[in-house]
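This report refers to the structure that appears directly beneath it.
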2 protein chains.
Amino acid sequence: MESSELKKAGLKVTLPRLKILEILERNPAWHMSAEDVYKELLSQNEEIGLATVYRVLTQFEAADIVKRHQFESGKAVFELISKGEHDHIVCIKTGVVEEFHDPIIQERIAKIAEEHGFDMTDYSLVIYGISRDTCGVR
Amino acid sequence: MESSELKKAGLKVTLPRLKILEILERNPAWHMSAEDVYKELLSQNEEIGLATVYRVLTQFEAADIVKRHQFESGKAVFELISKGEHDHIVCIKTGVVEEFHDPIIQERIAKIAEEHGFDMTDYSLVIYGISRDTCGVR
DNA sequence: ATTCCTGCAAATCATTTGCATTACC
DNA sequence: GGTAATGCAAATGATTTGCAGGAAT
C-alpha cells in the first residue's frame with residue numbers, strides 16, 4: 001500500500017497526497033509538471049488546489065519520492081524516483097521524453113568530479129533533439 | 001572589432017548591445033544572469049534598463065553569440081559561445097562554476113541519440129557537488 | 001525619413017506564502 | 001482535541017511586452 005511510503009517520510013496520509021502519488025504512478029512514462037498533475041486532478045473531479053500540488057510535490061522531492069527536472073520548457077517536471085537511475089532524451093518538437101542509462105558516461109562523470117575536487121551530489125544529463133519516429137521524416 | 005559580430009547577426013550596433021557584449025567578454029570565467037549584467041551596467045553608471053538586458057541577451061542567444069543555461073538556481077545564466085564546447089560542474093554551496101570537456105562522454109551521447117532515433121540538436125550536462133577547495137573540509 | 005531600439009511601467013508565468021478552515025491520528 | 005494539512009487569494013521573483021520617445025542607417 002502506498003500510504004506506508006508517506007508515513008515513512010514523516011508525512012501524514014491525506015487524500016491530496018495519496019491522489020497525487022497515484023497519478024504519478026499511473027503515468028510511468030510521463031514527466032509531469034505541477035500544472036499537469038493539477039489538471040489530472042480536476043478531470044477526476046478532485047477539489048485540490050494548485051498550491052497544494054506544488055506543496056506536495058516539493059515535500060515528495062524532499063522525501064526522495066520524486067525527482068524534479070528543469071528541462072528547457074521553463075516549467076519544472078517531476079517523476080517518481082522508484083525506477084533506477086536514468087537520464088533523459090527529449091524531443092524539442094513533441095516534448096516526448098525517453099530514458100537511457102549509460103554506465104560508461106556515469107563512470108566518466110564520477111571521475112571528472114573527482115579530478116575537479118568536487119564531492120558530487122548529483123548530475124543532470126539531457127539530450128535534446130528531434131525524434132525521427134514521432135516527427136515524420138523530411 | 002565587436003561591432004562586426006552584431007552586424008553579422010543583423011542587429012543594429014547600439015550602445016547597450018556593445019556594453020553588454022563587452023561585459024560578457026570581460027567576465028570570461030563567470031556565467032552571468034541578466035541581473036548580474038544589469039548590476040554591472042549600473043556600477044559603470046550606464047543608463048540601461050533591465051528589460052533591455054533581457055531583450056539583448058535573448059537576441060544574442062538567437063544569434064548564437066551566447067548560450068543560455070538553466071542551472072538549479074532558478075535564474076538563467078548566460079555565457080559567450082566563443083570558447084569551444086564544454087560542460088559544467090557547479091558548486092551547490094558557492095555557485096562556483098568550472099568547465100570541462102570530455103570526448104568520451106560526447107561520443108557516447110552522440111551514439112545514444114542515434115540509437116534512439118533522434119537527430120540531436122543539443123545536450124546539457126551539469127555536475128553538481130561541493131568543491132572541497134573552496135568550501136573548506138569537514 | 002524610416003525603421004529599429006530603448007526605457008519605463010504594467011503584464012505574465014511559474015511558484016510560494018499568509019491565514020482562516022478543515023482533516024487526520 | 002490538538003497539530004499538521006489544505007484552499008483560496010494575495011505575494012513574489014524572473015522574465016516579457018506595450019507603447020511613446022529616441023537613435024542608427
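Residue numbers start from 1 in every chain, and the chains themselves are labelled A, B, ... in the order their sequence lines are given, proteins ahead of strands. Predicted model only: the values in this text are computed from it and were never measured.
An OP1 or OP2 oxygen of D:dT15 is reached within less than 4.0 angstrom by a side-chain nitrogen or oxygen of B:Y54. Taking only side-chain nitrogens and oxygens, B:R17 never comes nearer than 4.0 Å to OP1 or OP2 of D:dA24. Between C:dT16 and A:R55, no contact under 4.0 Å exists linking OP1 or OP2 to a side-chain N or O.
Protein atom CG of B:D36 is 13 Å distant from nucleotide atom C1' of D:dA14, rounded to whole Å. Rounding to whole angstrom units, CD of residue A:Q59 and P of D:dA4 are separated by 13 Å. Atom-to-atom, CD of A:E46 to P of D:dT6 comes out at 13 Å; the value is rounded to the nearest Å. Nucleotide D:dA5 holds its P atom 11 Å from the CG atom of A:L6, rounded to whole Å. Distance OH (B:Y38) to C1' (D:dT15): 14 Å, rounded to an integer number of Å. The CG-C1' distance, from B:L57 to D:dT16, rounds to 13 Å in whole Å. Distance A:E35 CD to C:dT12 P: 16 Å, rounded to the nearest Å. Look at CG on A:L41: it is 13 Å from C1' on D:dG7, rounded to the nearest Å.
Each of B:L50 and B:K12 was assigned the nucleotide of DNA chain C with the nearest heavy atom; the assignment lying further toward the 5' end belongs to B:K12. Across the interface with DNA chain D, nearest-nucleotide mapping of B:F78 and B:V13 shows B:F78 to be the residue nearer the 5′ end. Between B:K7 and B:G74, the residue anchored nearer the 5' end of DNA chain D, judged by the nucleotide with its closest heavy atom, is B:G74.
Picking from C:dT16, C:dA9, C:dT6 the nucleotide with the shortest atom distance to the side chain of B:A51 gives C:dA9. Here C:dC5 is the nucleotide among C:dG7, D:dT15, C:dC5 with the atom lying nearest to any side-chain atom of B:T14. Here the nucleotide nearest the side chain of B:L11, chosen from C:dC5, C:dC25, D:dT6, is C:dC5.
Atom-to-atom distance recorded for A:E40:CD and A:E22:CD is 9.5 Å, nearest 0.5 angstrom. B:Y54 OH to B:F78 CZ: the interatomic distance, rounded to the nearest 0.5 Å, is 7.5 Å.
Residue contacts shown for B:A76 are limited to sugar-phosphate atoms, with no base heavy atom under 4.0 Å away. Here A:K75 lies in heavy-atom contact (under 4.0 Å) with sugar-phosphate atoms only. When heavy atoms are screened at a 4.0 angstrom cut-off, A:E47 is found touching the sugar-phosphate backbone but no base atom. Within the nucleic acid shown, B:L15 has no heavy atom closer than 4.0 Å to any nucleic acid atom.
You'll find the ring centres of A:H88 and A:F71 inside the 6.0 Å limit.
A donor and an acceptor atom, one from each side chain of A:H69 and A:E79, are located under 3.5 Å apart.
B:M32 and B:L21 fall within the same hydrophobic cluster, where Ile, Leu, Val, Met, Phe, Trp and Tyr residues are linked whenever their side-chain heavy atoms come under 4.5 Å apart, directly or through other members.
A:N27 places none of its side-chain heavy atoms less than 4.5 Å from the side chain of A:D36.
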